[in-house]
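To start, the structure itself, in structure tokens.
Here is how names work: the chains are called A, B, and so on, in the same order as the sequence lines, proteins then strands, and each is numbered from 1. Because the structure is a prediction, the values reported are computed rather than measured.
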Amino acid sequence: MLVSQYLHQLKLCARRQTSFSTIKKLHARLIKTGIAQCEPFPNTLIDLYGKCGHVDHARQLFDEMPHRDHVSWASILTAHNHANLPRRTLSMFLAMLDIDGLHPDHFVFASLVKACACLCDVRLGKQVHARFALSQFRDDDVVKSSLVDMYAKCGLPDDAYAVFHSICSKNSASWTAMISGYARSGRKLDAIGLFKRTPFRNLFSWTALISGLVQSGNGVDAFYLFIEMRREEIDIVDPLVLSSIVGACANLAVLELGKQVHGLVIALGYESCLYISNSLVDMYAKCSDIVSANEIFGRIQQRDVVSWTSIIVGAAQHGRVKEALALYDQMVADGIKPNEVTFVGLLYACSHVGLVDKGRTLFNSMVEKYGIRPSLQHYTCFVDLLSRSGHLDEAENVTNSIPFELDEAIWAALLTACKDRGNTLMGIRIADRLLSSKIEDPSTYILLSNVYAGACMWENVSKVRKLMGAMEFKKIPGYSSIEFGKETQVFYAGETSHPMKDEIFNLLKELDADMRRRGYVPDTSSVLHDMEHQEKERQLFWHSERLAVAYGLLKAIPGTVLRIVKNLRVCGDCHTVLKLISSIVKREIVVRDANRYHHFKEGKCSCNDFW
DNA sequence: TTAGGGTTAG
């Protein structure tokens, strides 16, 4: 075989991500023929191993090279980026300067910028940008495209646009990076505006726009754009946009639409793609159809950490804690290494049922066995578990040892537990701490006020009230939606204009009377405003989830599960009411609120009154 | 040899 033929074959392997054994065979033939050490084979081999995901082999070849040039360095840096090891990319770059005394070229700059983007390290990214701007490669458009992506990923879309604007000859990659940057940053109109102007209206730019909007929580807009993309008959030659649109169904908790998208996925032949299967597992779990989620999960041939984590988190969110923990054991037995998301799900599951020892073991194993540094979310879950289970001193010690700036949520969790457990001293200590910091959540003020009132500290109660009065709370209107068949009805709190309002009111009144006979007393402690007790009760009576449940009871096929999605968290009183209603009418009611899932059945809730 | 679009938590 000729040298050029070997080179051609190596490049083909890199593009096709050929199997490790094939690459090794080809490499062996190159060694046998004696050309493995001849230019440009050493660099081409590093590139090949790197692109096919064998960074260690690439590194071995690199270390054994007697002479390394710019291409060798660019190839090994790219290989580390490819293996998602951006810190190594940056540390190796320092070695490039120190050991080989080489200055970065445009290929190296592109790798460095990509590593900074991966780490969301804008400080370092700006240093690289400055060095690039002073170099002879400052007009390179490829590096500029990677800078656009870096600034956008670091949450600086305006800086991204400044670089984008300076690109002389913008190609599909530069446009896609900028559209994606705007969309991910939540700059919906800018993203759509730019998309309308791009001369590259292809699957890449459509995917960038739609996925970015899904990621920034604009699922509805993403869906309409997806429909427009289908109308334009864009050939969906890869499944990337589909995994995002499945994700949009998950975020919006729209089961019927999710099923239709699943149908499309099957029709286009992508059901067995791992990204797609994983997003389907998550979608069905989030749409409260945990049975279908399990079915999809069961059919995945090669499950990765995301597949396992999705089903573990799904089980945990639906209150199936034993199942979540058993799945974790199975995952570890299958040789899959858990990641930081897996542990958020597991700690959350333990909190649900007060499994303190298990939670402690998992938290420690995350650090000691898997080398994962706990994030604020992990600490919040762990402190929540400890404090809810009455281990208040330990919870406070852990909180004080957290190496981050603490947020309101973690203190509020601890304070709630102090109040519930009657630990007044610690409660006051934490309340004082909270009072001296910035509070944004109105419910934290209510909590503080209740704690001080419980300790008869009236001066502080009035201080909290004054602070509350001075704050302008953004009042988000509460609404609940209920779906059956192809119909979706949305109810807003206090809505009195619905065509069936009289029937809904009468049914709620009947149910209220029945509940009161069973000992129900409305709990108005979560109502924020100063008003008469009766008025507070009236407000609770018109909470949107109750309207949706009543409508569902009147309209849905008898015996079917009522599935409701609420934009805010279910209040304590509605939670009690929904438990009672499930028992009175003997129906299962599933509510997905802003935080979690509640399966109300026979007077109980799957969340174990944990929310 | 370098750049752009996808899944899990919060």
Side-chain angles (χ1 to χ4, degrees), chain A residues 11 14 40 43-44 46-48 50-51 69-79 81 104-114 117 137 140-150 152-153 163-164 167 170-181 183-184 198 200 202-212 214-215 238-247 250 270 273-283 285-286 300 304-314 316-317 338-348 375-378 380-381 407 409 594-595:
Chain A
K11 282 176 188 167
N43 286 339
T44 314
I46 291 174
D47 183 57
L48 172 61
K51 283 202 176 121
D69 59 12
H70 275 99
V71 180
S72 335
W73 278 103
S75 303
I76 197 66
L77 294 179
T78 307
N81 274 343
D105 66 0
H106 44 316
F107 291 93
V108 171
F109 273 123
S111 284
L112 294 177
V113 175
K114 192 169 181 168
F137 306 101
D140 187 86
D141 286 345
V142 172
V143 178
K144 285 186 184 176
S145 287
S146 60
L147 282 166
V148 169
D149 183 54
M150 186 275 291
K153 284 208 171 100
V163 181
F164 174 74
I167 297 175
K170 299 177 182 71
N171 62 10
S172 174
S174 25
W175 280 94
T176 307
M178 195 59 235
I179 292 167
S180 163
R184 267 183 284 136
T198 182
F200 302 96
N202 53 27
L203 184 62
F204 266 70
S205 50
W206 273 109
T207 307
L209 179 65
I210 291 170
S211 304
V214 173
Q215 284 168 38
D238 64 45
L240 276 72
V241 72
L242 294 174
S243 49
S244 283
I245 218 70
V246 173
Y270 292 122
C273 160
L274 189 57
Y275 268 93
I276 292 285
S277 311
N278 290 347
S279 57
L280 284 169
V281 169
D282 178 59
M283 184 273 287
K286 287 217 169 83
I300 302 177
D304 69 356
V305 63
V306 178
S307 334
W308 284 100
T309 303
S310 302
I311 197 72
I312 288 170
V313 169
Q317 284 181 330
N339 67 14
E340 65 282 6
V341 185
T342 322
F343 282 105
V344 172
L346 290 168
L347 290 169
Y348 170 87
S375 68
L376 190 57
Q377 278 83 42
H378 295 113
T380 307
C381 286
D407 64 359
N595 283 359

For atom CG of A:L240 and atom C1' of B:dG6, their distance in whole Å: 4 Å

Value in whole Å for how far the P atom of B:dG6 lies from CG of A:D304: 16 Å

With hydrogens left out and only the distance checked, is there a donor-acceptor pair under 3.5 Å joining A:D140's side chain and the base of B:dA3? no

Less than 4.0 angstrom between a side-chain N/O of A:Q215 and OP1 or OP2 of B:dG5, yes or no? no

Whether the side chain of A:S205 engages the backbone of A:F200 through a donor-acceptor N/O pair (distance < 3.5 Å, no angle test) should be reported. yes

Of the options B:dT1, B:dG6, B:dG10, whose atoms approach the side-chain atoms of A:V344 most closely? B:dG10

Would you indicate what A:I311 reaches in the nucleic acid, counting non-hydrogen atoms under 4.0 angstrom: base, sugar-phosphate, or nothing? nothing

Looking only at atom types and distance, does a side-chain atom of A:H378 sit under 3.5 Å from a main-chain N or O of A:F343, one as donor and one as acceptor? no

Where the side chain of A:E340 is concerned, which of B:dA9, B:dA3, B:dG5 is the nearest nucleotide? B:dA9

Could you tell me how far apart A:N171 (CG) and B:dG5 (C1') are, to the nearest whole angstrom? 14 Å

Could you check whether A:D105 gets within reach of a base, just the sugar-phosphate, or nothing at all, counting any heavy atom under 4.0 Å? nothing

Ring geometry between A:F137 and A:H106 (parallel below 30°, tilted from 30 to 60°, perpendicular above 60°): parallel

Checking B:dG10, B:dT1, B:dT7 against the side chain of A:Q317 (C-beta onward), the nearest is B:dG10

A:K114 side chain near B:dT1 phosphate (N/O to OP1/OP2, under 4.0 Å): no

Given B:dG6, B:dT7, B:dG5, which nucleotide is nearest the side-chain atoms of A:P239? B:dG6

Considering every strand and a 4.0 Å limit on heavy-atom distances, what is the contact class for A:V313: base, sugar-phosphate, or nothing? sugar-phosphate

Applying a 4.0 Å non-hydrogen cut-off, can you work out what A:K170 is touching in the nucleic acid: base, sugar-phosphate, or nothing? nothing

Where the side chain of A:T78 is concerned, which of B:dG5, B:dT2, B:dT7 is the nearest nucleotide? B:dT2

For the side chain of A:S244, counting heavy atoms from C-beta on, which of B:dA3, B:dT8, B:dG6 is nearest? B:dG6

Among B:dT8, B:dT2, B:dG5, the one nearest any side-chain atom of A:H106 is B:dT2

Quick one: label A:C273 by what it contacts on the DNA or RNA (base, sugar-phosphate, nothing), any heavy atom closer than 4.0 Å. base

Heavy atoms only, 4.0 Å cut-off, all strands: where does A:D282 land among base, sugar-phosphate and nothing? sugar-phosphate

Nearest to the side chain of A:K286, which nucleotide is it out of B:dG5, B:dG10, B:dA9? B:dA9

Would you compute the distance between atom OG of A:S244 and atom OH of A:Y275 and round it to the nearest 0.5 angstrom? 10.5 Å

Is it the case that the side chains of A:D304 and A:S307 hold a donor-acceptor pair, with the cut-off being a distance below 3.5 Å and no angle test? yes

Starting at atom CD1 of A:I276, determine the distance to atom C1' of B:dG5, rounded to an integer number of angstrom. 13 Å

What's the NZ-P distance between A:K51 and B:dA3, to the nearest Å? 8 Å

Stacking between B:dT2 and A:F107, yes or no? Criterion: centroid separation under 5.5 angstrom, plane angle under 30 degrees. no

Is there, by distance only and without an angle test, a donor paired with an acceptor across the side chain of A:D238 and the base of B:dG5 below 3.5 Å? yes

With side chain to side chain contact (heavy atoms under 4.5 Å, CB included) as the test, would you mind laying out the steps for A:N43 and A:D69 before giving the verdict? CA-CA 9 Å; A:N43 286 339; A:D69 59 12; 3.3 Å; yes

Length of the line joining A:I312:CD1 and B:dG10:C1', which is rounded to integer Å: 17 Å

How many Å lie between CE on A:M150 and C1' on B:dA3, as a whole number? 13 Å

Heavy atoms under 4.0 Å, any strand shown: does A:T207 hit a base, just sugar-phosphate, or nothing? base

If the test is side-chain contact (heavy atoms from CB on, under 4.5 Å), which one of A:V246, A:I276, A:T207, A:L274 qualifies with A:P239? A:I276

Taking the side chain of A:S243 as its heavy atoms from C-beta onward, which of B:dT1, B:dT7, B:dA9 lies nearest to it? B:dT7

Euclidean distance, atom CD1 of residue A:I76 to atom C1' of B:dT2 [Å, nearest integer]: 15 Å

